[in-house]
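The structure appears below as structure tokens.
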Amino acid sequence: MAQGFTVSYGSNDAGLQPVVLLFMGDTLALPDVAGRLGPEFPALFRSAAEGEGFKGKAGSALDLVAPQNVPAGRVIVIGTGSDADRAKINWTNLGGKLFAKLPAGRTASILLDIPGADAAAAADVALGLSLRAYGFEKYKTKKKSDEDAGLPGAVTLHLADHGAAKKQGKARDGLAEGIIIARDLVNEPPNVLTPTEFARRASQLQKLGVEIEILGEKEMRKIGMRALLGVGQGSAEESQVVIMRWNGAKNAKDAPVAFIGKGVVFDTGGISIKPAAGMEDMKGDMAGAACVVGLMHALASRKAKCNVIGAIGLVENMPDGKAQRPGDIVTSLSGQTIEIINTDAEGRLVLADVLWYVQDRFKPKFMVNLATLTGAILVALGQDYAGLFSNNDELAQRLFDSGKATGEKLWRLPMGPEYDKIIDSRFADVKNSGGRYAGSITAAQFLQRFVNDVPWAHLDIAGTGMAAPNSDINRSWGPGWGVRLLDRLVKDHYE
Ligand code: BES
Ligand code: MN
Ligand code: ZN
């Protein structure tokens with residue numbers, strides 16, 4: 001996180017910083033708050049706008065350096081387009097865009113009062129600013145100052161309703177922290193982030209009142225989680241399952257909602273070993289579990305009025321003399337036997353046992369799992385949409401809508417018996433790979449055999465959860481994908 005970077009809220013009369021950002025629509029009529037910049041500002045702005053051909057189009061900016069007789073050293077005017085354009089703005093992304101416009105080492109004021117920007121929009125802008133400020137620098141021994149790193153100083157958001165914005169901003173703080181926790185976990189190298197270290201970090205949620213239970217290999221063996229254990233058996237590191245419980249509903253007996261994450265802290269492929277090129281990326285094969293931890297942080301921080309289970313399966317998939325082989329048959333917690341065709345199709349084995357465990361023990365309203373499950377989802381959807389698979393249209397629609405609202409977008413793919421039969425096994429009840437065709441769908445069919453009719457959705461985040469391209473709100477390898485999406489799902493429908 002950028003050390004010196006903070007966001008605060010101020011009234012429209014509070015003192016201005018040396019750099020001022022001002023918003024306007026596409027009519028070149030300045031908003032009322034522009035009055036703060038003195039009587040000479042409008043004429044100055046008009047002639048500069050004319051000179052630059054600036055028309056206030058959404059996303060455009062006009063930079064006025066050292067404007068005469070204006071109480072700021074620099075004014076950056078940001079276009080937000082027409083009223084219709086403004087209604088479509090994702091304010092969080094806009095916050096990230098603004099961050100990029102702020103000069104290094106300078107404090108700034110953002111005058112936000114324009115039609116369509118309410119307290120919630122201001123809080124979203126603040127969220128975008130702080131998410132964009134995140135960097136994962138802990139292993140760089142040569143530290144740059146914030147200014148040398150191009151980072152701006154503190155920012156004040158000015159608006160009439162600043163009290164309400166501050167309140168809403170507080171609620172967003174836990175969300176920002178949750179996303180940053182998820183990013184840190186995804187970025188962390190695999191020698192540091194072992195299954196036990198991951199479990200230790202998840203346990204920190206106790207401080208927020210989240211109940212934590214950890215199952216080690218001994219406990220898992222006792223109850224029969226042999227699908228998960230098989231994946232970890234070639235690793236020197238002990239596999240772990242972490243159960244997180246947030247009891248926020250009025251009635252402690254309300255059925256919980258449940259989120260389950262794949263946490264393969266490193267995926268070599270095992271005996272079906274992966275090629276060397278790019279294998280280092282497989283430290284991110286725990287992005288699903290990272291999201292669940294970040295989400296639990298966000299929900300507990302804002303004391304969400306809902307009972308929530310988070311469950312993550314943490315393993316390392318290694319080749320070894322003791323490792324699982326193709327051809328092995330394991331008995332899962334559900335009792336179903338699984339023929340291992342490919343030891344690189346390990347995520348579904350981990351999830352099979354955790355999904356079964358969660359539905360059996362907690363009888364949840366629904367289960368949503370997140371997993372960097374298949375390379376095939378990258379082929380189908382690239383890095384902009386996660387794959388959505390579900391046995392329940394209402395849950396799928398709600399997830400889809402939350403995706404639209406937050407910008408963490410989902411695209412639903414089909415499921416059905418014609419795909420399910422592809423994973424029938426010659427020797428066991430099911431096999432863990434159905435071959436190349438429809439690879440993401442057959443992986444989802446596999447998971448569905450372990451959810452026992454509970455409303456369920458699977459998000460394949462192999463494309464969105466790691467190795468993220470730069471975006472407005474993220475410059476880091478681990479985007480913390482899914483925390484905003486699921487926080488929104490809970491907020492809109494389950495509390
Ligand atoms: N962790 C990988 C999937 C993955 C690929 C995640 C690229 C992120 C980026 C998963 O465990 C895997 O190896 N899946 C195999 C399945 C196959 C063996 C049936 C795959 O996608 O090739
Ligand atoms: Mn794999
Ligand atoms: Zn994997």
Side-chain angles (χ1 to χ4, degrees), residues 185-187 190 193 195 198 227-228 230-235 239 260-291 312-320 323-328 338-354 369-387 389 413 419 422-423 425 430-447 458-469 477-479 481-482:
L185 287 166
V186 176
N187 286 321
L193 195 67
F198 200 131
L228 187 154
V231 177
Q233 85 189 30
S235 169
S239 302
I260 291 105
K262 169 180 174 181
V264 176
V265 297
F266 194 73
D267 180 13
T268 64
I271 296 302
S272 315
I273 198 163
K274 289 180 180 295
M279 203 203 274
E280 67 279 9
D281 278 2
M282 284 301 122
K283 72 171 184 175
D285 208 16
M286 31 52 72
C291 172
I312 54 180
L314 303 168
V315 301
E316 185 183 45
N317 188 20
M318 296 291 262
D320 181 75
Q324 146 165 292
R325 293 151 290 257
D328 283 3
I338 305 168
E339 182 190 7
I340 309 299
I341 300 296
N342 188 319
T343 64
D344 198 11
E346 84 297 340
R348 64 198 74 182
L349 298 168
V350 172
L351 289 172
D353 278 348
V354 182
N369 75 258
L370 303 101
T372 46
L373 204 64
T374 66
I377 205 70
L378 272 147
V379 177
L381 299 176
Q383 296 198 276
D384 292 302
Y385 282 76
F389 303 83
L413 282 92
Y419 293 111
I422 300 175
I423 52 169
S425 158
V430 62
K431 57 185 177 185
N432 81 329
S433 169
R436 260 165 50 77
Y437 287 179
S440 301
I441 301 176
T442 53
Q445 294 293 160
F446 183 94
L447 298 181
H458 152 54
L459 310 182
D460 193 333
I461 62 168
T464 56
M466 47 177 269
W477 191 83
W481 194 96

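In each ligand, atom 1 is the first atom listed, and ligand 1 is the first ligand listed.
Partner Lys274 forms a side-chain hydrogen bond (donor to acceptor under 3.5 Å, both in side chains) with one of Asn317, Asp344, Asp281, Thr268 and no other, that one being Asp344.
Of the protein's heavy atoms, Asp344 O, 3.2 Å lies nearest to atom 12 (C) of ligand 1. Of the protein's non-hydrogen atoms, Asp267 OD2, 3.6 Å is the one closest to atom 2 (C) of ligand 1.
There is no protein heavy atom closer than 4.0 angstrom to atom 22 (O) of ligand 1.
Residue Asp285: no N/O/S atom is found under 2.8 Å from the Mn ion (ligand 2).
Checked against a 3.5 angstrom limit, the closest N/O atoms of Ser433 and ligand 1 fall outside it. Close N/O approach between Arg348 and ligand 1 is not found [any backbone or side-chain N/O within under 3.5 Å]. For ligand 1, the polar-atom distance check finds no N/O of Asn342 at less than 3.5 Å from any of the ligand's N/O atoms. The shortest N or O to N or O distance between Gly375 and ligand 1 is under 3.5 Å. In terms of N/O distances under 3.5 Å, ligand 1 is not approached by Thr374.
Within Asp267, the N/O/S atom positioned nearest the Mn ion (ligand 2) carries the name OD2. Nearest N/O/S atom of Glu346 relative to the Mn ion (ligand 2): this is OE1.
Around the Zn ion (ligand 3), protein N, O or S atoms at less than 2.8 Å comprise Lys262 NZ, Asp267 OD2, Asp285 OD2, Glu346 OE2.
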